[in-house]
2 protein chains.
Amino acid sequence: MLTNAKLVHQPHDHERCISAALSRAKALCAEQNVRLTTTRELVLRLLWQSHQPLGAYQLQDQLAEHINKPVAPPTVYRALEFLLRLGLIHRIPSLNAYIGCPFPNNEHSNLFMICNQCGTAAEVADKAVNKLLQCVSDRSHFTLQSQSLELFGLCPQCSNITEAPGYD
Amino acid sequence: MLTNAKLVHQPHDHERCISAALSRAKALCAEQNVRLTTTRELVLRLLWQSHQPLGAYQLQDQLAEHINKPVAPPTVYRALEFLLRLGLIHRIPSLNAYIGCPFPNNEHSNLFMICNQCGTAAEVADKAVNKLLQCVSDRSHFTLQSQSLELFGLCPQCSNITEAPGYD
DNA sequence: GCATAAGGTGTTATAATATAACAATAATTG
DNA sequence: CAATTATTGTTATATTATAACACCTTATGC
Ligand SMILES: [Zn+2]
Ligand SMILES: [Zn+2]
Ligand SMILES: [Zn+2]
Ligand SMILES: [Zn+2]
């Protein structure tokens, strides 16, 4: 099982997350011979600011603040489209939000564990999950092409807080 | 494995799907002591017209046509909210669309197989899937509360058409 | 039955998310 | 440097969803 859950759910050196993501992005763009322009890189950086998915209009605001001039929606959506196409980010449909992918160009599950409390989203790539879903598809003669899997609940930290006994 | 895939992907007596859905709905409403008003029932019927998810504004149009007077979005969304709360329908986030649930008040997976070609969506409830996802969550100490699982691809019919050899 | 409360609907306005279309600019290629 | 291609800016608009408040209907207690 490949996952960034440990990182997401614990204090960690997040600068490493960011720089790793950026160097992966640069490598991938070089490999694919496409351009990681300033805007695209900035949007990617913004998405990697935290492990919480961001909406397009949150990105718009933050982008505008960063470059100190107004930004129109298409600017954001184009950058998102580019990053999605390269697999550098994912869209989380039920949140209408976007998040950096911790392990792009791996075959992976598009499986997210999303905390209803703090909003963090950890990604999991699990062969057993993929295999089982493939199997479910096969049984119905369904030709599986892609998937979007979202688990909602409480991350370890928020679980602890919620479950806390209370001395009353 | 509980699924309506066979029905969805083959010609079948769809009237039975509809009437079964409606009687389930009536029973559930009676049991819960809530009212299946005309609008709510109509929306449910419209969602059961086919095995393809419908968007709220498609429903709006069809509803307006049926009752022969204009309908405002809140009317539709209120009916949808009611039906969702009872578990009689599901929302498919990546399509912004809604579909009738073939086996409500069962513990189930919220797992859909959605055809990219013809738009049909079959639902699957599979204990093995649920168990595995629970297990994945446990491993990360994530408290699983709900899930949304969407598989995209080609239904059996559309697979055959696509894969057809071609005599050229 | 009638008053009351609760639940449901109508209506208007608006929020939030996403895309279309076309002009302008920048980067790449030969 | 001209020609082509990729990228960005700009304006307008489509699509999905909700807020707020007035009005009506149904159930409930007396
Ligand atoms: Zn991090
Ligand atoms: Zn949390
Ligand atoms: Zn049917
Ligand atoms: Zn199909």
Side-chain angles (χ1 to χ4, degrees), chain A residues 25-26 28-44 46-47 52-64 66-86 88-99 119 148 150, chain B residues 25-26 28-44 46-47 52-64 66-86 88-99 119 148 150:
Chain A
K26 278 169 190 164
L28 190 60
C29 287
E31 190 189 310
Q32 305 255 326
N33 203 33
V34 294
R35 277 184 280 164
L36 188 64
T37 60
T38 324
T39 309
R40 291 167 176 176
E41 181 173 338
L42 242 170
V43 168
L44 185 60
L46 289 172
L47 284 177
Q52 295 172 347
L54 284 182
Y57 286 77
Q58 292 176 280
L59 281 168
Q60 182 188 20
D61 291 346
Q62 297 187 15
L63 191 55
H66 264 256
I67 63 179
N68 222 31
K69 64 174 180 176
V71 165
T75 302
V76 176
Y77 280 101
R78 282 168 184 155
L80 289 172
E81 193 192 350
F82 173 85
L83 296 167
L84 282 168
R85 209 166 43 227
L86 284 181
L88 291 169
I89 64 171
H90 295 290
R91 179 171 190 273
I92 300 186
S94 54
L95 301 177
N96 295 325
Y98 304 83
I99 193 168
S148 164
E150 300 165 25
Chain B
K26 278 169 189 165
L28 191 59
C29 286
E31 191 189 309
Q32 306 256 326
N33 203 33
V34 293
R35 278 184 282 164
L36 189 63
T37 60
T38 324
T39 310
R40 291 167 176 177
E41 182 173 339
L42 242 171
V43 168
L44 184 60
L46 289 172
L47 284 178
Q52 295 172 347
L54 285 183
Y57 285 79
Q58 290 175 279
L59 282 168
Q60 182 188 20
D61 292 346
Q62 297 188 15
L63 191 54
H66 265 257
I67 64 179
N68 222 31
K69 64 174 180 176
V71 166
T75 302
V76 177
Y77 280 102
R78 282 167 185 157
L80 290 172
E81 193 192 349
F82 173 85
L83 297 168
L84 283 168
R85 209 166 43 225
L86 284 181
L88 291 168
I89 63 170
H90 294 290
R91 179 173 190 271
I92 300 185
S94 54
L95 301 178
N96 295 324
Y98 305 82
I99 193 168
S148 165
E150 300 165 25

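Here the structure is a predicted model, which is why all the values come from computation and not from measurement.
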Within the structure, does a side-chain N or O atom of B/Y98 lie under 4.0 Å from either OP1 or OP2 of D/dT16?
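Indeed not, no polar side-chain atom of B/Y98 lies that close.
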
Within less than 4.0 Å of OP1 or OP2 of C/dA18, is there a side-chain N or O belonging to A/N96?
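Looking at the OP1 and OP2 atoms of C/dA18, one of them is under 4.0 Å from a side-chain N or O of A/N96.
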
Minimum side-chain heavy-atom gap [X]-[Y] below 4.5 Å:
{"X": "B/V34", "Y": "B/F82", "value": "yes"}
{"X": "B/L88", "Y": "B/L47", "value": "no"}
{"X": "A/E41", "Y": "A/K26", "value": "yes"}

Whole-Å distance between [N] [atom2] and [X] [atom1]?
{"X": "B/L86", "N": "C/dG8", "atom1": "CG", "atom2": "P", "answer": "10 Å"}
{"X": "B/R85", "N": "C/dG7", "atom1": "CZ", "atom2": "P", "answer": "10 Å"}
{"X": "A/R40", "N": "D/dA6", "atom1": "CZ", "atom2": "P", "answer": "11 Å"}
{"X": "B/Y77", "N": "C/dA16", "atom1": "OH", "atom2": "C1'", "answer": "11 Å"}
{"X": "B/E41", "N": "C/dG8", "atom1": "CD", "atom2": "C1'", "answer": "16 Å"}
{"X": "A/Q60", "N": "C/dA18", "atom1": "CD", "atom2": "C1'", "answer": "12 Å"}
{"X": "A/D61", "N": "C/dA16", "atom1": "CG", "atom2": "P", "answer": "11 Å"}
{"X": "A/E81", "N": "C/dA18", "atom1": "CD", "atom2": "C1'", "answer": "11 Å"}

For B/P73 and B/K69, find the nucleotide of DNA chain C closest to each by heavy atoms; which residue's nucleotide sits nearer the 5' end?
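Nearest nucleotide further toward 5': that of B/K69.
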
Mapping A/L95 and A/R35 onto DNA chain C by nearest heavy atom, which one lands closer to the 5' end?
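In this pair, the answer is A/L95.
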
Picking from [options], which would you name as closest to the side chain of [X]?
{"X": "A/R91", "options": "D/dT7, C/dG10, C/dA18", "answer": "C/dA18"}
{"X": "B/T75", "options": "C/dG10, C/dT9, D/dG9", "answer": "C/dG10"}
{"X": "B/P74", "options": "D/dA19, C/dG10, D/dT16", "answer": "D/dA19"}
{"X": "A/T37", "options": "D/dT7, C/dA18, C/dG10", "answer": "D/dT7"}

By the 4.0 Å heavy-atom rule, please label B/F82 as base, sugar-phosphate, or nothing.
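Counting heavy atoms under 4.0 Å across all strands, no contact is made by B/F82.
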
Backbone N or O of A/L46 within a donor-acceptor pair of the A/Q62 side chain at under 3.5 Å?
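No.
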
Among B/L42, B/T39, B/T75, the one residue meeting side-chain contact (heavy atoms from CB on, under 4.5 Å) with B/I67:
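So, applying the side-chain contact (heavy atoms from CB on, under 4.5 Å) to B/I67 and each of B/L42, B/T39, B/T75, only B/L42 qualifies.
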
For D/dG9, does the base pair up with any side-chain atom of A/R78 as donor and acceptor (N or O, under 3.5 Å, distance only)?
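Side chain to base: pair present.
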
Under-3.5 Å donor-acceptor pair between B/Y57 side chain and D/dA17 base
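Between D/dA17 and B/Y57, which were checked side chain against base, a qualifying N/O pair under 3.5 Å is present.
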
Nearest-nucleotide wise, let me know which of A/T38 and B/G55 is further upstream toward the 5' end of DNA chain D.
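By nearest-heavy-atom nucleotide position, the 5'-most residue is A/T38.
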
